[in-house]
Chemist: 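Input: one structure, supplied below.
The sequence lines fix the lettering, A, B, ..., with proteins before strands; numbering per chain opens at 1. Computed from a predicted model, the values in this text were never measured in an experiment.
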Amino acid sequence: MAKEITPRVNDYSQWYNDLVIKTGLADYSSVRGCMVIKPYGYAIWENMRDALDKAFKETGHVNAYFPLFIPKSFLSKEAAHVEGFAKECAVVTHYRLKNDPNGKGVIVDPEAKLEEELIVRPTSETIIWNSYKNWIQSYRDLPLLINQWANVVRWEMRTRLFLRTAEFLWQEGHTAHATPAEAIEETEKMLGVYTQFAEEFMALPVIQGKKTANERFAGAVETYCIEAMMQDGLALQAGTSHFLGQNFAKAFDVQFLTREGKQEHVWATSWGVSTRLIGALIMAHSDDDGLVLPPKLAPLQVVIVPITKGADDMAKIYEKFEPVMKALKAKGITFKFDDDDTKRPGFKFAEYEMKGVPVRLAMGMRDYDGGTVEVARRDTKEKSVQQFEGIVEYIENLLVDIQANIFNKAKAFRDANITEVNTWDEFKNQIENGVGFISAHWDGTPETEEKIKELTKATIRCIPLNNPQQDGVCVFSGQPSKERVIFAKAY
RNA sequence: CGGGGCGUAGCGCAGUCCGGUUAGCGCACCUGCUUUGGGAGCAGGGGGUCGCGUGUUCGAAUCACGCCGCCCCGACCA
């Protein structure tokens, strides 16, 4: 068993931290609230990035890059926006250091004060819309469909590896459209892209929905989201897509000339997912032995562990696997033949399990002579002996099966942990003694939502899309309600 | 910003209360031999401004004062 990972039931947070650190996904840094994403963690991000980037391109988007710094005055042009972000902005005030005249080291040169402070972007709407003003004149310039891969900084009071760090990596799409209908369609389309990515690549079932006014993005007219359930039953927002109306167009005076020759403000969207998804991936699937990675995002899909009694065996087994490795490569399946003879097989087994490698093959001389190979799958921890002949096809199918199994398991868990409640007593009881999401009627007022949050710490995660309409009464106020919404405690 | 915890070798810790040999232990690391089908064994070896500063003392990891950093829990947030 994995020696060094705190079991989930003992301390879920510690389990999560142990996984991140001990599997080499990330490390703490000397900067408060900031993390180092180590090669193994970054490889997962690269896989996520590649899949998403492809989907963005397929839906007509192009990449660009805007500055890290935003003039302070830009941020305040959209009232709700600045209010939402003001409390967590890093600010650049000076542009030079000098030697400390009183001793060693350097100090900020007081004479090098910026005339206007620069904000390290917490998100890029303002700097981007400042550019869009110059790029958009006519309906022929629309739609403008741009994405940026970037880092952003939000000075969080309390941070957690991947889930909430002061600096994080993400993508942010920023689009401009001629009509509100088109912008809303874009908003929903990108939510669909995120949903498909979460379910097909991350094997993470999500609920698509809209945020309530309280939870809406600062500056948005409507915020759509996908919500996922972690193994401890807490909700995690996995992606957001915003319909920004004309808020930023008006703030930055971005108008276009219509076909009819009229000046109108453009309609906008923005949407993003971040390295937080890595946290979601870990918390959704992993177990007490380590990571469980879905094959489609695993940096390494197959590991081959030779079991040898000397250099001769190693060479024989390697030779045996050569055609297999060639075939795997041709199919785009990533693999590693671990010929490191300074570590013993048992150590390697435990190590690759901890790192969540989906499939492990082991071969010693017994298998070699018998024409077989041992196959172990990480998701169920099942081991079986297979014929070496035809192993490539077997692996190919197994990877598909593992991907599906991980998703189904997560979906079954989530579905089993959504509880419908109809009275306030039931609600309180479920929040205090149960786990997971609550589906309940709500009267639609921010006041009620606020009150419930105050009393239980549960928030409305979303109003599901395509939500069945049914008459009921608000679980808190007793006022009439037409649909149920999802409540949960959240990350 | 409040509450709690912790800073001693790369990691995890003991030693601190009650000051006194050369600051220990486990893991990891290095060398050699034997091993290799579930985290190997033996032998030898390297590695320390005891978070920082000031003070008390013949003497400080240990006592006093100040500072810094990190983790966990809460308020804020993706």
Chemist: Can you tell me how far C1' in B:rU8 sits from the matching atom in B:rG4, rounded to whole Å?
Modeler: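 Here B:rU8 and B:rG4 have their C1' atoms 22 Å from each other.
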Chemist: Watson-Crick or G-U wobble partner for B:rC76, using a 3.5 Å limit on both distances?
Modeler: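 Base partner found: none.
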Chemist: Taking only the side-chain nitrogens and oxygens of A:Arg366, find out if one of them lies under 4.0 Å from OP1 or OP2 of B:rG37.
Modeler: no
Chemist: Would A:Ser384 and A:Gln386 count as a side-chain hydrogen bond (donor to acceptor under 3.5 Å, both in side chains) here? Give the steps.
Modeler: CA-CA 6 Å; A:Ser384 66; A:Gln386 301 296 329; 2.8 Å; yes
Chemist: Rounded to whole Å, please give me the gap between CZ in A:Arg164 and P in B:rC76.
Modeler: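 My rounded result for the distance is 11 Å.
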Chemist: Pairing check on B:rA9: which nucleotide meets the Watson-Crick or G-U wobble criteria with it, both distances under 3.5 Å?
Modeler: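 Matched B:rA9 with nothing under the 3.5 Å cut-off.
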Chemist: Quick one: look up who B:rG44 pairs with, Watson-Crick or G-U, both distances under 3.5 Å, and put none if it's unpaired.
Modeler: B:rC30
Chemist: Can you tell me the distance, in whole Å, between the CG atom of A:Leu191 and the P atom of B:rA78?
Modeler: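 A:Leu191 atom CG is separated from B:rA78 atom P by 16 Å.
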Chemist: Does A:Ala238 or A:Phe347 map to a spot on RNA chain B nearer the 5' end, using the closest nucleotide for each?
Modeler: A:Phe347
Chemist: Can you tell me, in whole Å, how much space there is between the P of B:rU49 and that of B:rA9?
Modeler: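 My reading of the P atoms in B:rU49 and B:rA9 gives 8 Å.
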Chemist: In whole angstrom, what separates A:Lys211's NZ from B:rC77's C1'?
Modeler: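 From A:Lys211 NZ to B:rC77 C1': 12 Å.
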Chemist: Between atom CG in A:Asp289 and atom P in B:rG39, what is the gap in whole Å?
Modeler: 14 Å
Chemist: Where does the angle between the aromatic ring planes of A:Phe168 and A:Trp170 fall among parallel (under 30°), tilted (30 to 60°) and perpendicular (over 60°)?
Modeler: perpendicular
Chemist: Find the partner of B:rA14: check Watson-Crick (N1-N3 plus N6-O4 or O6-N4) and G-U wobble (N1-O2, O6-N3) distances, both under 3.5 Å, and reply none if neither fits.
Modeler: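 In the structure as shown, B:rA14 has no Watson-Crick or wobble partner.
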Chemist: Is there a Watson-Crick or G-U wobble partner for B:rC65 with both distances under 3.5 Å, and which nucleotide is it?
Modeler: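 When the pairing criteria are applied, B:rG53 turns out to be the nucleotide that pairs with B:rC65.
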Chemist: Rounding to an integer number of angstrom, what distance separates B:rU57 and B:rG19 when you compare their P atoms?
Modeler: 16 Å
Chemist: Whether A:Lys457 contacts B:rA75 is assessed here as follows: a side-chain N or O lying under 4.0 Å from the phosphate OP1 or OP2. Is that the case?
Modeler: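 Indeed, a polar side-chain atom of A:Lys457 lies that close.
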Chemist: What does B:rG38 pair with, Watson-Crick or G-U, if both distances are under 3.5 Å?
Modeler: none
Chemist: In terms of side-chain heavy atoms of A:Lys453, which of B:rA78, B:rC76, B:rU36 is nearest?
Modeler: B:rC76
Chemist: Once you round it to whole Å, what is the distance between P of B:rC71 and CD of A:Glu156?
Modeler: 14 Å
Chemist: Give A:Ser13 one of three labels, base, sugar-phosphate or nothing, depending on what nucleic acid heavy atoms sit under 4.0 Å from its own.
Modeler: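 Touches sugar-phosphate only.
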Chemist: Measure from CG on A:Asn17 to C1' on B:rC72 and round the result to the nearest Å.
Modeler: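 The answer, rounded to whole Å, is 9 Å.
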Chemist: Can a donor-acceptor pair under 3.5 Å be found between the side-chain atoms of A:Arg360 and the base atoms of B:rG38?
Modeler: yes
Chemist: Does A:Phe321 form a ring pair (Phe, Tyr, Trp, His ring centres under 6.0 Å) with A:Tyr368? I'd like the steps, not just the answer.
Modeler: CA-CA 10 Å; A:Phe321 269 102; A:Tyr368 182 90; 9.5 Å; no
Chemist: Across the strands shown, which category fits A:Tyr491 at heavy-atom distances under 4.0 angstrom: base, sugar-phosphate, nothing?
Modeler: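 A:Tyr491: no heavy atom of the nucleic acid under 4.0 Å.
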Chemist: Under a 3.5 Å cut-off for both contacts, is B:rC58 paired Watson-Crick or G-U wobble with anything, and if yes, with which nucleotide?
Modeler: B:rG20
Chemist: Would you measure the distance from the P atom in B:rC11 across to the matching atom in B:rC18 and give it in whole Å?
Modeler: 31 Å
Chemist: Would you classify A:Glu374 as touching base, sugar-phosphate or nothing, given that sugar-phosphate means primed atoms plus P, OP1 and OP2, and contacts are heavy atoms under 4.0 Å?
Modeler: base
Chemist: Considering only side-chain heavy atoms of A:Pro345, which listed nucleotide, B:rU36, B:rA78, B:rG38, is closest?
Modeler: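 That would be B:rU36.
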Chemist: Mind checking A:Thr223 for me? I need base, sugar-phosphate or nothing, with any heavy atom below 4.0 Å counting as a touch.
Modeler: nothing
Chemist: Would you verify whether the NZ or CZ of A:Arg360 falls within 45 degrees of the ring axis of A:Phe349 while also being under 6.0 Å from that six-membered ring's centre?
Modeler: yes
Chemist: Within 45 degrees of the axis of the six-membered ring of A:Tyr40 and under 6.0 Å from its centre: does A:Lys355 put its NZ or CZ there?
Modeler: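 Checked: cation-pi criterion met.
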Chemist: Whole-Å distance between B:rG38 P and A:Arg344 CZ?
Modeler: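 To the nearest whole Å, that distance equals 9 Å.
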Chemist: With P as the reference atom in both, quote the distance from B:rC6 to B:rG15 in angstrom, rounded to an integer.
Modeler: 11 Å
Chemist: Would you indicate what A:Leu163 reaches in the nucleic acid, counting non-hydrogen atoms under 4.0 angstrom: base, sugar-phosphate, or nothing?
Modeler: base
Chemist: As a test of reading the structure: which of B:rA78, B:rG38, B:rC76 is closest to the side chain of A:Lys87, going by heavy atoms?
Modeler: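 Nearest to the side-chain atoms of A:Lys87, counting from C-beta on, is B:rC76.
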Chemist: For nucleotides B:rU56 and B:rA64, find the distance between their C1' atoms and express it as a whole number of Å.
Modeler: 7 Å
Chemist: When all nucleic acid strands are considered with a 4.0 Å heavy-atom cut-off, which category describes A:Gln237: base, sugar-phosphate, or nothing?
Modeler: sugar-phosphate
Chemist: From CH2 of A:Trp155 over to C1' of B:rC77, roughly how many Å is that when rounded to an integer?
Modeler: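 Result: 15 Å.
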Chemist: On a plain distance test, is the side chain of A:Lys309 in donor-acceptor contact with the base of B:rG37 below 3.5 Å?
Modeler: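 Under the 3.5 Å cut-off, the side chain and the base do not form any donor-acceptor pair.
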Chemist: Find which nucleotide of RNA chain B each of A:Glu351 and A:Phe162 is nearest to by heavy atoms, and output the residue with the more 5' nucleotide.
Modeler: A:Glu351
Chemist: Are any of A:Arg160's side-chain N or O atoms less than 4.0 Å away from OP1 or OP2 of B:rA78?
Modeler: no
Chemist: Write down the distance separating the C1' atoms in B:rG55 and B:rG46, rounded off to the nearest Å.
Modeler: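 Per the computed distance, 37 Å lies between those C1' atoms.
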Chemist: Taking the inter-plane angle between the rings of A:Phe217 and A:His242 on a 0 to 90° scale, is it parallel (under 30°), tilted (30 to 60°) or perpendicular (over 60°)?
Modeler: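 Rings of A:Phe217 and A:His242: parallel, as their planes differ by under 30°.
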Chemist: Using the ring of each side chain (for Trp, its six-membered ring), is A:Trp129 parallel, tilted or perpendicular to A:Tyr132, with breaks at 30° and 60°?
Modeler: perpendicular
Chemist: For A:Glu83, I'd like to know if atom CD has over 12 heavy atoms of other residues, nucleotides or ligands within 6.0 Å.
Modeler: no
Chemist: Rounding to the closest angstrom, what is the interatomic distance between B:rC71 and B:rG12 at atom P?
Modeler: 13 Å
